[in-house]
Visitor: 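Starting off with a structure, shown below.
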Amino acid sequence: MIKQVLLAPVPCIHLESAAKIPSLMQRVAFGTSQLGFNFPIGLPVFIYASQPPHPRHPLFHAGFASWTGRLGEIVKANETGPRSGKHPDPSVRPPSTEANNTGDGPFLLFWEVLELHKLEPPRPLRDFKKKSGGTFDGNVPQWPILVHLAVR
């Protein structure tokens, strides 16, 4: 059976930061400025760790989706004030994203992931099919996208 899922990159630093806080594993928000981000709530989410500080970073598995959860709310970023471009509720953001020195944001939207957890075993990105029919053989998406995945 084939199903639609969301495949998204998230920097290693933010996955690592979220994993240290149990409440964030239940509900965590990641940012995007991608226009047209309008995916169905409840959609399965597969995340590949991106931007590792070094290739042997423990959370980085090149060519694999190593985290999963399901899509929660899609939230507009604050438009004005000192938190412009940030999530209205900082408690659902990994601490690393709220630090001013990580280059995270500002964003237009935030996509929340519910029940985030490590995927054991990780899924090769070649298992995910683009809507156009192609695969991700070394050319990974740079923002969240809707893809097809064969269910095992």
Side-chain angles (χ1 to χ4, degrees), residues 3-125 127-128 130-131 136 138-149:
K3 67 178 177 179
Q4 287 191 327
V5 300
L6 184 68
L7 178 63
V10 172
C12 286
I13 187 173
H14 303 321
L15 290 167
E16 188 171 46
S17 180
K20 293 177 182 175
I21 301 173
S23 64
L24 290 179
M25 299 306 284
Q26 296 307 306
R27 177 180 171 223
V28 64
F30 300 111
T32 186
S33 289
Q34 175 186 354
L35 297 175
F37 190 102
N38 188 17
F39 302 123
I41 302 303
L43 191 69
V45 174
F46 289 83
I47 295 172
Y48 62 91
S50 65
Q51 302 174 11
H54 54 80
R56 292 189 179 177
H57 189 276
L59 297 182
F60 182 65
H61 299 283
F64 289 84
S66 52
W67 294 80
T68 191
R70 58 187 171 82
L71 186 62
E73 286 187 68
I74 298 170
V75 178
K76 281 184 70 173
N78 288 330
E79 293 183 11
T80 59
R83 291 192 52 78
S84 178
K86 293 189 178 265
H87 195 287
D89 180 0
S91 73
V92 298
R93 296 281 284 145
S96 59
T97 64
E98 291 292 313
N100 290 329
N101 61 348
T102 62
D104 190 69
F107 294 108
L108 296 176
L109 299 170
F110 293 88
W111 49 285
E112 295 183 357
V113 179
L114 306 177
E115 301 169 10
L116 179 67
H117 60 279
K118 281 185 146 182
L119 187 58
E120 296 294 339
R123 293 287 302 253
L125 292 180
D127 287 357
F128 298 88
K130 300 176 188 177
K131 289 177 87 174
F136 299 98
N139 183 14
V140 296
Q142 301 302 306
W143 50 82
I145 63 167
L146 195 60
V147 298
H148 294 104
L149 177 64

Visitor: May I ask you to test the Ile47-Phe30 pair for a side-chain heavy-atom distance under 4.5 Å?
Guide: yes

Visitor: Just so I know, are the side chains of His148 and Lys3 near enough to count as touching, which here means a heavy-atom distance under 4.5 Å?
Guide: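 They are not in contact (no side-chain heavy atoms under 4.5 Å apart), so the answer is no.
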
Visitor: Can any side-chain N or O of Ser84 pair as donor or acceptor with the backbone N or O of Glu79 at less than 3.5 Å?
Guide: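 Confirmed, Ser84 side chain pairs with Glu79 backbone.
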
Visitor: Is there a side-chain contact between Val5 and Val147 (heavy atoms, below 4.5 Å)?
Guide: yes

Visitor: Test side chain to side chain contact (heavy atoms under 4.5 Å, CB included) on Arg70 and Val113; report intermediate values, then the result.
Guide: CA-CA 6 Å; Arg70 58 187 171 82; Val113 179; over 6 Å; no

Visitor: Mind checking whether Val45 and Trp111 have side chains closer than 4.5 Å, heavy atoms only?
Guide: yes

Visitor: Got a donor-acceptor contact below 3.5 angstrom from the Gln34 side chain to the Pro144 backbone?
Guide: yes

Visitor: Hey, does Gln4 have a side-chain heavy atom less than 4.5 Å from the side chain of Pro40?
Guide: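 Contact flag for Pro40/Gln4 side chains = no.
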
Visitor: Are Leu149 and Leu7 close enough that some pair of their side-chain heavy atoms sits under 4.5 Å apart?
Guide: no

Visitor: Is the shortest heavy-atom distance from the side chain of Glu115 to the side chain of Gln26 under 4.5 Å?
Guide: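 Of all side-chain heavy-atom pairs linking Gln26 with Glu115, at least one is under 4.5 Å.
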
Visitor: In Å, rounded to the nearest 0.5 Å, how long is the span from NE2 of His87 to CD of Glu112?
Guide: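 If I round to the nearest 0.5 Å, the distance is 4.0 Å.
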
Visitor: To the nearest 0.5 angstrom, please state how far the OG1 atom of Thr68 sits from the CG atom of Leu6.
Guide: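 Going from OG1 on Thr68 over to CG on Leu6, the span is 10.0 Å.
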
Visitor: Main chain of Ala29, side chain of Arg93: is a donor-acceptor contact present, judged purely on distance under 3.5 Å?
Guide: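 Judged by distance alone, yes, a pair lies under 3.5 Å.
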
Visitor: Enter the distance from Asn78:CG to Asp89:CG here, rounded to the nearest 0.5 Å.
Guide: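 Rounded to the nearest 0.5 Å, the CG-CG separation comes to 10.0 Å.
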
Visitor: Minimum heavy-atom separation for Val28 to Leu116, with atom names?
Guide: CG1-CD2, 3.9 Å

Visitor: Rounded to the nearest 0.5 Å, how far apart are CD1 of Ile74 and CD1 of Ile41?
Guide: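 Answer for the CD1-CD1 pair, Ile74 versus Ile41, is 4.5 Å.
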
Visitor: Using side-chain heavy atoms (C-beta onward) and a distance below 4.5 Å, is Ser17 in contact with Thr97?
Guide: no

